Amino acid sequence: QKDGYPHFMIKEIHEQPTAITRTITPRIKDSLPCFEDDNIPDSFFEDISDITVVACGTAMYAGMVGKALLKNKFGIPVSVEIASEFRYEQPVLTDRSMVIFVSQSGETIDTLEALRLANKYTKKTLSIVNVKGSTIARESNYVLYTHAGPEIAVASTKAYTVQVASFYLIGCKIGLVSGRMTKEEAKTFIENLQEVPNLIESVITQAPEIEQLTKRMTNATNAFYIGRGLDYALSMEGALKLKEISYIHAEAYAAGELKHGTIALISEGVPVIAVATQSHVYSKVISNIREVKARGAYVILLSKDKDITDKSICDVHISLPQAPDEFVIFESVIICQLIAYYTSTGKGLNPDQPRNLAKSVTVE
Ligand code: F6R
């Protein structure tokens with residue numbers, strides 16, 4: 001069943017190009033987003049005042065990327081809520097509020113209860129779910145199924161990237177119907193999305209290099225992931241992956257936030273995975289990186305640069321294939337998944353069966 005791979009996790013990392021293609025292709029007609037086959041009418045995406053994304057764990061972090069995209073590219077107010085918090089809070093929703101629930105299993109109890117609560121306030125509930133016919137899918141007004149196929153490894157990989165891809169389709173649709181994006185812009189955006197599977201294919205070939213560099217990570221007790229904008233959003237998922245399968249304490253920080261406290265934790269040899277792929281904040285992230293480097297951090301830098309040899313910036317540079325800023329994050333996340341996987345195996349752990357974790361959390 002592992003098709004020759006040593007673990008389900010690495011098999012599923014490799015399945016991502018196919019999973020994304022399967023998820024996006026039925027939703028693209030004439031290079032534009034189209035949810036006809038999902039029975040979601042265009043009117044569902046019209047006249048939205050705000051969007052709340054509700055989910056847990058990795059699914060919530062997919063929502064963080066969705067938020068960074070939707071807010072900055074399409075000017076829509078978006079908030080991301082942890083389902084276990086949302087369900088016990090007073091929702092601030094109107095009938096123009098869209099609430100998006102993200103869940104691989106479609107059975108996570110906190111996400112389900114949050115959905116039941118939101119259903120009392122708005123008819124604009126949409127779920128992004130992988131498992132067909134699951135409870136969350138059945139109880140939301142509309143459902144957009146991701147087609148990742150069964151995900152066996154406890155640590156989510158392919159389910160996350162298809163969730164993120166779904167946000168790109170939804171964002172583009174809302175951009176179009178709200179007039180924030182022209183048809184031409186939408187076509188270019190979708191054509192770039194269609195290139196993502198190829199981008200991922202080319203990044204996966206760097207796996208042996210990543211395995212080498214993680215040898216340095218296996219001794220770490222702490223690690224930090226830093227970035228700005230979309231890079232910060234994906235860093236949260238990068239940190240979670242490392243935590244859950246390698247048991248190394250890892251946190252993601254908005255790069256500009258470090259100096260407000262966290263930089264005190266940077267000492268000789270602490271790994272910092274720095275993601276600097278967003279042009280408008282590139283120079284800012286680089287200066288944040290110099291700050292941690294000057295304090296002894298072991299910096300692994302992910303960027304679109306061909307080569308960075310300046311040792312005052314990083315110890316290791318991972319060069320990502322050229323892609324527009326919004327799409328390069330699909331490459332960065334693959335690198336983060338590989339870092340977590342090889343750190344786990346390098347420590348002699350089984351990444352498929354992390355301690356204390358279950359694939360589906362159906363109890364509170
Ligand atoms: C981490 C992971 C979890 C799940 C979370 C939500 O790798 O898989 O954080 O994302 O438990 O599960 P679903 O998506 O099934 O609602």
Side-chain angles (χ1 to χ4, degrees), residues 7-13 15-16 19 23 53-66 80-87 99-116 118 125-140 143-167 225 233-252 333-334 336-341 343-344 349-364:
H7 300 104
F8 282 108
M9 184 178 173
I10 191 73
K11 172 175 179 263
E12 289 165 2
I13 287 174
E15 283 171 354
Q16 292 178 99
T23 300
V53 180
V54 187
C56 303
T58 285
M60 193 252 300
Y61 291 142
M64 289 289 185
V65 175
V80 179
E81 306 283 345
I82 297 169
S84 57
E85 291 292 313
F86 182 91
R87 64 176 287 197
V99 193
I100 303 179
F101 296 85
V102 192
S103 178
Q104 188 285 129
S105 63
E107 301 295 346
T108 301
I109 190 70
D110 285 323
T111 310
L112 174 61
E113 289 300 334
L115 165 65
R116 287 175 174 160
T125 59
L126 169 70
S127 60
I128 300 175
V129 169
N130 197 46
V131 176
K132 307 276 154 339
S134 53
T135 315
I136 291 172
R138 281 187 278 114
E139 295 197 16
S140 48
V143 54
L144 203 161
Y145 281 115
T146 51
H147 299 303
E151 195 179 57
I152 311 292
V154 170
S156 185
T157 54
K158 59 179 180 169
Y160 169 84
T161 42
V162 294
Q163 286 160 356
V164 172
S166 302
F167 274 107
Y225 286 71
L234 84 88
S235 293
M236 297 181 203
E237 171 59 6
L240 178 64
K241 280 296 84 95
L242 189 71
K243 272 187 273 213
E244 64 181 327
I245 60 168
S246 78
Y247 315 146
I248 294 171
H249 168 247
E251 295 300 335
V333 79
I334 305 300
C336 289
Q337 293 168 351
L338 290 170
I339 289 176
Y341 174 76
T343 305
S344 172
L349 301 168
N350 178 353
D352 283 349
Q353 271 153 16
R355 67 186 178 205
N356 309 340
L357 293 174
K359 184 71 187 160
S360 187
V361 184
T362 52
V363 289
E364 255 193 90

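Everything numeric in this text was worked out from a predicted model, so none of it was measured. Atom set for the values below is all heavy atoms of this structure, side chains included, hydrogens, waters and symmetry mates excluded. Start at 1 and go down the list; that is how both ligands and their atoms are numbered.
With hydrogens and angles ignored, the 3.5 Å screen pairs no side-chain donor or acceptor of Q104 with any backbone N or O of V131. K241 places no side-chain N or O within donor-acceptor distance of the main-chain N or O of S246, the cut-off being under 3.5 Å. Looking at S344, its side chain never comes within 3.5 Å of a backbone N or O of A340 through a donor-acceptor pair.
Near ligand 1, residues C56, G57, T58, A59, S103, Q104, S105, T108, V154, A155, S156, K241, E244 each place a heavy atom inside the 4.0 Å sphere around the ligand atoms.
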Enumerate, atom names and distances included, each donor-acceptor pair closer than 3.5 Å involving a side-chain atom of residues 354-363, sequence neighbours excluded.
| from | atom 1 | to | atom 2 | distance (Å) |
| --- | --- | --- | --- | --- |
| K359 | NZ | E151 | OE1 | 2.7 |
| K359 | NZ | A153 | O | 2.8 |
| K359 | NZ | V154 | O | 3.4 |

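Contacts of H147 classified as ring pair (Phe, Tyr, Trp, His ring centres under 6.0 Å), with partners at least two apart in sequence or in another chain: none. Qualifying side-chain contact (heavy atoms from CB on, under 4.5 Å) partners for A55, counting only residues two or more places apart in sequence or in other chains: A59, M60, V102.
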